[in-house]
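Data first, discussion second: the structure below is written as structure tokens.
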Amino acid sequence: MKKHNFYAGPSILSDFTIRNTADAVLNFANTGLSILEVSHRSKEFQAVIDEASELVKELLDVPAGYSVLWLGGGASMQFCMIPFNLLRKKAGYIDTGTWAHNAIKEARLFGEVEVLASSEAEGYTFIPKGFEVPADLDYFHYTSNNTIYGTEIRHDPDVPCRMVADMSSDIFSRPVDVSKYDAIYAGAQKNLAPAGVTLVIIKEDALGHVDRPIPTMLDYRTHVKKGSMFNTPPVLPIYSALQTLRHYKQVGGVKELERRDVEKAKLLYDAIDNSKMFMGTVTDPADRSIMNVTFVMTPEYKELEPKFVEFCQNRDIIGIKGHRSVGGFRASLYNALPIDSVRFLIEAMNDFEATH
Ligand SMILES: *Cc1c(COP(=O)(O)O)cnc(C)c1O
């Protein structure tokens, strides 16, 4: 029995992805072998990684001159790989949440980092606006969706330098103008696959401009040259990612996914706004994430928060407790979450409010 899965990551995957992955664990591509035990150099797995990369290019309309990479180490590894490969003198970051903050910390190991704007002092409750991006930066880095704080930048900024984005928790939830970016990265475990692989889209022209020696495994050029097969890639998560990407194509691509995601988020935000017991935490509605909806109970009801989490659990609603650093609630509405789960959560909120 499937529960209503609102976990922030690892998080819900489509039945299509889970069933096909389960089938391949038993018999992969009619090889008579499990996907868990085949060589990554087999022609059957080569076909998997090739198709997955092609589908990323197709779904996000990736222009020529970019490589799609499948790397280990999580999105957190990209916090160091990006500056290792791209930072010569100075980079600009905006500090919009815990992940952005961690990325800034790593970049400082490699050069000067200018924090162009920050909402840290206000608990990351909004996206800073009106900041200038200087043209002399090696690159500008931002986090498109702040998974923990429920804020999101849902457009591709125009900046006068190279641009890099951490899209871990909202990739494939809208069309992206990849041509504006030099690097996009996303840990798989939010909108793509089980944990263990990170998707990187890198502009080849952005590489090879730094003087420092780069360890082989941390050098993007290694993985571009070897098609993500320099060493053993995460075979199973890549197989699952392929299933998700096929499913995304089948349902109509990122435009259709965006339409569904916007509809789901609007339902829940409207319910929160119309409630006397719950309230949103993001101060500017324009910044509200359509992937992670963060909310709390109003001061009058605050002490009922743990009770509501329990109430939800009893109705098979899982994972709505807010991140340990912020409390309250967070409902993650990733692509695979059916709209009926959102309706079910809203019903629970209404019932709880009516009886407390
Ligand atoms: C989850 C997340 C990360 C961290 O991903 P790992 O794969 O655990 O390193 C980084 N950035 C964002 C935006 C995230 O949501």
Side-chain angles (χ1 to χ4, degrees), residues 5-13 69-84 93-107 109 118-120 124-128 140-157 163-174 176 181 183-201 217-218 223 228 233-234 236-238 240-241 244 261 265 281-282 287-294 319-326 330-337:
N5 182 356
F6 291 91
Y7 274 131
S11 45
I12 188 165
L13 292 168
L69 306 179
W70 303 93
L71 307 180
S76 300
M77 179 75 100
Q78 297 307 308
F79 297 164
C80 92
M81 278 181 80
I82 291 289
F84 222 143
Y93 280 65
I94 53 171
D95 183 11
T96 54
T98 305
W99 298 119
H101 201 83
N102 291 355
I104 290 166
K105 185 167 163 259
E106 290 299 291
L109 298 171
S118 172
S119 50
E120 185 186 12
Y124 296 122
T125 47
F126 63 93
I127 301 283
F140 165 70
H141 177 286
Y142 79 101
T143 310
S144 58
N145 184 63
N146 298 283
T147 323
I148 296 174
Y149 300 92
T151 60
E152 188 174 20
I153 299 173
R154 291 196 65 72
H155 64 273
D156 307 306
M163 183 160 73
V164 177
D166 175 359
M167 296 194 183
S168 291
S169 52
D170 67 350
I171 195 156
F172 302 116
S173 73
R174 68 173 174 93
V176 171
Y181 296 85
I184 292 170
Y185 60 92
Q189 67 271 24
K190 276 78 180 226
N191 244 347
L192 193 56
V197 70
T198 302
L199 171 64
V200 177
I201 303 170
M217 274 295 286
L218 299 180
H223 304 291
S228 304
L236 181 75
I238 293 171
S240 292
T244 302
D261 291 335
T281 58
V282 175
D287 298 337
R288 284 174 157 183
S289 167
I290 63 165
M291 294 278 102
N292 311 98
V293 176
T294 51
I320 63 146
K321 197 163 177 235
H323 189 270
R324 60 189 186 282
S325 64
V326 291
R330 171 176 51 176
S332 297
L333 316 181
Y334 296 122
N335 288 349
L337 185 88

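This structure is a prediction, so every number in the text was calculated from the model and none was measured. Order of appearance sets the numbers: ligands from 1, and atoms from 1 within every ligand.
Using modelled atom types, no side-chain atom of S332 and backbone atom of Y334 make a donor-acceptor pair closer than 3.5 Å. Without hydrogens or angle criteria, S240 side chain to A193 main chain gives no donor-acceptor distance under 3.5 Å.
Remark: the S169 side chain and the N145 side chain contain an N/O donor-acceptor pair separated by less than 3.5 Å.
Ring-plane geometry between F79 and W99 is classed as tilted, the angle between the planes lying from 30 to 60 degrees on a 0 to 90 degree scale. Ring-plane geometry between Y124 and H101 is classed as perpendicular, the angle between the planes exceeding 60 degrees on a 0 to 90 degree scale with a lower cut at 30.
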- Task: Walk me through it: do L199 and W70 pass the test side chain to side chain contact (heavy atoms under 4.5 Å, CB included)?
- Result: CA-CA 5 Å; L199 171 64; W70 303 93; 4.0 Å; yes
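Within 4.0 Å of ligand 1, protein heavy atoms come from G74, A75, S76, F79, W99, T143, N145, T147, D166, S168, S169, Q189, K190.
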